[in-house]
Amino acid sequence: MMQVPESWRSSLGGEMAEPYFSELDAFVAEQRAAGPVFPPEDEVFRALELTPLSSVKVLILGQDPYHGEGQAHGLCFSVRPGVKVPPSLRNIYKELEADVGCPVPSHGHLEHWGRQGVLLLNAVLTVRSAEANSHKDKGWERFTDAVIRVVNDQSERVVFVLWGGYAKKKARLVTASQHVVHTSAHPSPLSARNGFFGSKPFSVVNEALREAGRDPVDWCVPEL
């Protein structure tokens with residue numbers, strides 16, 4: 001069975017004991033037996049592995065993994081080193097430069113954020129090759145809603161960054177008053193000009209963290 005990282009297990013172990021998770025596990029195993037599924041099995045929970053629960057101070061929510069060969073590695077919006085930067089991430093980089101002056105890196109690998117407490121969570125954690133949303137409504141959403149609820153239960157402030165209509169619906173899961181929810185249009189080329197560009201998410205997040213006495217994020221992605 002798929003196993004969440006140790007630092008999350010005490011909080012999420014109950015989910016793994018639920019019948020839906022066994023069904024989800026079996027579904028993903030069947031899909032892998034039938035053809036390519038992304039990300040690889042050992043990277044499905046990479047976001048949780050890279051960002052332990054105790055260190056989470058920002059949660060950025062994506063929808064499902066990139067479905068092209070070699071792209072997805074378990075972090076929303078991020079791709080492996082050497083892979084072409086996808087359009088949504090290119091727009092994120094444009095806003096990053098305009099907002100806080102970070103130079104645009106030549107790659108799309110965002111582990112630098114994850115190591116600082118930015119949980120880069122997709123709502124669905126696996127996908128069939130070349131078929132976007134092919135693993136939706138199979139149980140992943142219930143699991144990642146539980147992740148959001150566990151983060152909501154943390155006593156220190158967390159800033160939840162919800163881009164686009166799908167992500168904004170998850171705001172209902174953020175109920176604790178110490179947290180901050182930042183929403184805008186999605187950074188995809190279809191919607192970035194309808195409210196993502198100019199939304200200044202990176203400076204908004206850091207201001208909210210400083211207000212709560214938490215260290216800001218160094219958003220500038222270093223070259224590899």
Side-chain angles (χ1 to χ4, degrees), residues 37-39 43-44 46-48 50-51 58-116 118-136 140-141 144 147-148 159-171 181-206 217-224:
V37 169
F38 305 131
E43 292 181 315
V44 170
R46 180 60 179 151
L48 302 180
L50 189 63
T51 312
V58 183
L59 189 155
I60 298 178
L61 187 68
Q63 193 159 354
D64 76 329
Y66 296 118
H67 54 266
E69 179 71 42
Q71 290 182 300
H73 65 111
L75 308 181
C76 71
F77 295 106
S78 180
V79 290
R80 297 179 191 283
V83 174
K84 183 180 178 182
V85 178
S88 289
L89 184 53
R90 281 204 303 271
N91 286 337
I92 290 170
Y93 283 166
K94 285 179 186 176
E95 180 62 17
L96 179 61
E97 184 177 38
D99 182 8
V100 293
C102 291
V104 174
S106 62
H107 64 89
H109 197 238
L110 300 180
E111 287 203 351
H112 174 69
W113 292 357
R115 291 191 194 96
Q116 297 180 77
V118 180
L119 181 61
L120 296 166
L121 182 70
N122 275 315
V124 174
L125 299 187
T126 55
V127 68
R128 215 163 33 238
S129 176
E131 294 183 51
N133 292 315
S134 50
H135 287 187
K136 70 175 184 176
W140 278 128
E141 295 90 343
T144 54
V147 172
I148 294 170
V159 186
F160 293 79
V161 179
L162 308 178
W163 289 327
Y166 180 89
K168 288 176 187 177
K169 292 175 184 175
K170 303 295 184 177
V181 177
H182 174 74
T183 64
S184 78
H186 195 276
S188 80
L190 296 174
S191 56
R193 298 190 183 283
N194 295 328
F196 176 75
F197 289 138
S199 63
K200 300 185 180 297
F202 309 100
S203 55
V204 166
V205 166
N206 278 352
V217 176
D218 170 18
W219 292 107
C220 295
V221 178
E223 291 294 344
L224 298 173

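Side chains included, hydrogens not; waters and symmetry mates left out as well; all remaining heavy atoms used.
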Less than 4.5 Å apart, side chain to side chain, heavy atoms only: is that true for F202 and I92?
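A side-chain contact under 4.5 Å exists here.
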Please examine the side chains of S199 and H182, heavy atoms only from C-beta on, and report whether any two atoms are closer than 4.5 Å.
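Result yes, sub-4.5 Å side-chain heavy-atom pair found.
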Residues at least two apart in sequence or cross-chain that pass salt bridge (charged side-chain N to carboxylate O under 4.0 Å, His left out) with R193, listed by chain then number, are none
Residues 81-88, side-chain donor-acceptor partners within the protein, below 3.5 Å, at least two apart:
none

Pick from C102, C220, P201: which one makes a side-chain contact (heavy atoms from CB on, under 4.5 Å) with L96?
C102
Got a donor-acceptor contact below 3.5 angstrom from the [X] side chain to the [Y] backbone?
X: E223; Y: S106; value: yes
X: S134; Y: R128; value: yes
X: E95; Y: N91; value: no

Check ion pair R80-E43 (N to O, under 4.0 angstrom):
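A salt bridge links R80 with E43.
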Kindly assign one of parallel, tilted or perpendicular to the pair F77 and H186, based on the angle between their ring planes and the thresholds 30° and 60°.
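The arrangement is tilted - the two ring planes meet at 30° to 60°.
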Reported CD-to-NE2 distance for the pair E111 and H73, which is rounded to 0.5 angstrom
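Here the rounded value is 6.0 Å.
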Kindly compute the distance separating CD1 (I60) from CG (L75), expressed to the nearest 0.5 Å.
10.5 Å
For E97, look at atom CD and say whether over 12 heavy atoms of other residues, nucleotides or ligands are found less than 6.0 Å away.
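Buried by this count: over 12 neighbours within 6.0 Å.
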